[in-house]
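Worksheet: the structure to be examined is printed underneath.
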Amino acid sequence: MTQHQSLTPRPAAADRSERRRSLVRAALAVTAAAGLGITAAGVAGATGTGAAASAPTCSVAGLSASFGQQLAGGMNHQGVVLKLKNVGARTCLLRGYPGLGLENGTHRTLPSTTHWGDTWYAKSPAKTTLTLHRGQSAEAVVAWTHANTGTSDAVHASYLQVTPPAATSHRTLKFPQWVDNGDLHVTALAYRIPVDG
């Protein structure tokens with residue numbers, strides 16, 4: 001026995017209505033996709049602009065290290081202003097404290113401890129991000145005590161290692177000093193630090 005399926009023809013008006021709904025859905029999908037594309041492009045553009053505007057952390061290769069004002073005082077205190085200058089081609093950022101170390105005349109590392117914060121000569125400024133344009137400097141104040149050359153726990157240094165914040169290598173400065181216990185005190189970096197002494 002053959003089965004026949006009876007197909008009821010749809011009215012032409014229903015077909016037109018269905019086509020209209022399909023076109024509206026397609027238009028909405030295109031509009032939504034375009035909106036998402038614009039939003040994504042806007043986010044990408046903003047991210048790209050921000051990334052281009054932010055400067056990198058100062059590298060050791062892009063910095064020079066030098067001593068500024070020499071500091072003296074009673075009770076065997078001694079100190080110096082340490083300067084880090086941007087000698088690179090680009091603006092860069094510094095934030096925090098420099099790392100310090102002592103070396104002897106043959107550049108062998110000597111035992112030392114670096115204390116971050118206030119020193120005999122200056123209060124440590126708050127840690128802030130410093131933007132150094134080419135030729136611009138930041139400074140920190142380094143301090144130590146030296147009782148005399150005969151003190152058994154004094155370290156006789158010839159050089160000072162200076163490691164910029166976030167760096168893994170250092171600059172070396174001549175530093176012919178006796179340092180009690182190898183203890184060095186240093187402030188955070190700032191554009192300028194008022195000192196006593």
Side-chain angles (χ1 to χ4, degrees), residues 55 57-88 91-197:
T57 300
C58 298
S59 67
V60 174
L63 291 171
S64 68
S66 63
F67 290 134
Q69 182 182 353
Q70 302 288 321
L71 305 168
M75 301 175 64
N76 302 312
H77 288 277
Q78 195 165 346
V80 67
V81 175
L82 173 67
K83 293 183 175 292
L84 296 178
K85 181 179 180 180
N86 180 4
V87 294
T91 296
C92 63
L93 306 177
L94 280 180
R95 178 183 175 86
Y97 298 85
L100 303 175
L102 299 174
E103 295 180 357
N104 67 9
T106 60
H107 293 284
R108 183 174 65 84
T109 300
L110 299 171
S112 66
T113 304
T114 300
H115 305 274
W116 290 348
D118 296 343
T119 71
W120 176 262
Y121 301 100
K123 291 193 70 63
S124 183
K127 283 172 60 173
T128 55
T129 301
L130 308 175
T131 302
L132 297 186
H133 301 287
R134 180 176 172 81
Q136 192 172 8
S137 297
E139 63 184 36
V141 175
V142 181
W144 63 96
T145 62
H146 58 100
N148 57 61
T149 57
T151 304
S152 60
D153 55 8
V155 175
H156 188 205
S158 295
Y159 299 95
L160 180 71
Q161 298 173 351
V162 179
T163 305
T168 55
S169 57
H170 59 266
R171 293 284 184 191
T172 305
L173 296 172
K174 286 188 177 181
F175 189 73
Q177 301 291 338
W178 286 92
V179 181
D180 290 340
N181 300 306
D183 283 335
L184 297 164
H185 298 260
V186 65
T187 66
L189 288 160
Y191 294 117
R192 182 89 177 121
I193 302 177
V195 295
D196 299 321

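Values below: all heavy atoms of this structure, side chains included; hydrogens, waters and symmetry mates excluded.
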**Message:** Please give me the minimum heavy-atom distance between Val186 and Val142, naming the atom from each residue.
**Reply:** CG2-CG2, 3.9 Å
**Prompt:** Which pair of non-hydrogen atoms, one from Asn181 and one from Val155, has the smallest distance, and what is that distance?
**Reply:** C-CG2, 4.3 Å
**Message:** I want to check something: taking the side chain as every heavy atom from C-beta on, are Val60 and Arg171 in contact at a cut-off of under 4.5 Å?
**Reply:** yes
**Asked** Heavy atoms, side chains only, cut-off 4.5 Å: are Ile193 and Pro125 in contact?
**Response** yes
**Request:** Measure the spacing between NE2 of His77 and CG of Leu71 and express it to the nearest 0.5 Å.
**Result:** 12.5 Å
**Message:** If I take atom CG from residue Leu93 and atom OG1 from residue Thr57, how far apart are they, to the nearest 0.5 angstrom?
**Reply:** 6.0 Å
**Complete:** Separation between NZ (Lys85) and CD (Glu139), nearest 0.5 Å, reads 13.5 Å
**Message:** On a heavy-atom basis, which atom in Ala122 and which in Pro194 lie closest, and how many Å separate them?
**Reply:** CB-O, 3.5 Å
**Complete:** Shortest non-hydrogen pair, Pro98 vs Leu82, comes out as CG-CD2, 4.2 Å
**Prompt:** Which class fits the ring pair Phe175 and Phe67: parallel under 30°, tilted 30 to 60°, perpendicular over 60°?
**Reply:** tilted
**Message:** With rounding to the nearest 0.5 angstrom, report the CG to OH distance, Leu132 to Tyr191.
**Reply:** 6.0 Å
**Request:** For the residue pair Leu102 and Leu184, establish whether any side-chain heavy-atom pair is separated by less than 4.5 Å.
**Result:** yes
**Prompt:** How many angstroms lie between atom CG of Asn86 and atom CG of Leu130, to the nearest 0.5 angstrom?
**Reply:** 12.0 Å
**Request:** Spell out, as yes or no, whether a donor-acceptor pair under 3.5 Å connects the side chain of Thr187 to the backbone of Val141.
**Result:** yes
**Complete:** For Lys83 and Gly68 the tightest heavy-atom approach is CE-CA, 4.2 Å
**Asked** What are the two closest non-hydrogen atoms of Leu100 and Thr114, and how far apart are they?
**Response** O-OG1, 3.2 Å
**Asked** Quick one: OG on Ser124 to NE2 on His185, what's the gap to the nearest 0.5 Å?
**Response** 12.5 Å
**Request:** Tell me, with the steps shown, if Leu110 and Val179 meet side-chain contact (heavy atoms from CB on, under 4.5 Å).
**Result:** CA-CA 11 Å; Leu110 299 171; Val179 181; over 6 Å; no
Side-chain atoms of residues 156-168: list all donor-acceptor pairs with protein atoms under 3.5 Å, sequence neighbours left out, distances to 0.1 Å.
{"residue": "Ser158", "atom": "OG", "partner": "Gly105", "partner atom": "N", "Å": "3.3"}
{"residue": "Gln161", "atom": "NE2", "partner": "Glu103", "partner atom": "OE2", "Å": "2.7"}
{"residue": "Gln161", "atom": "NE2", "partner": "Thr109", "partner atom": "OG1", "Å": "3.3"}

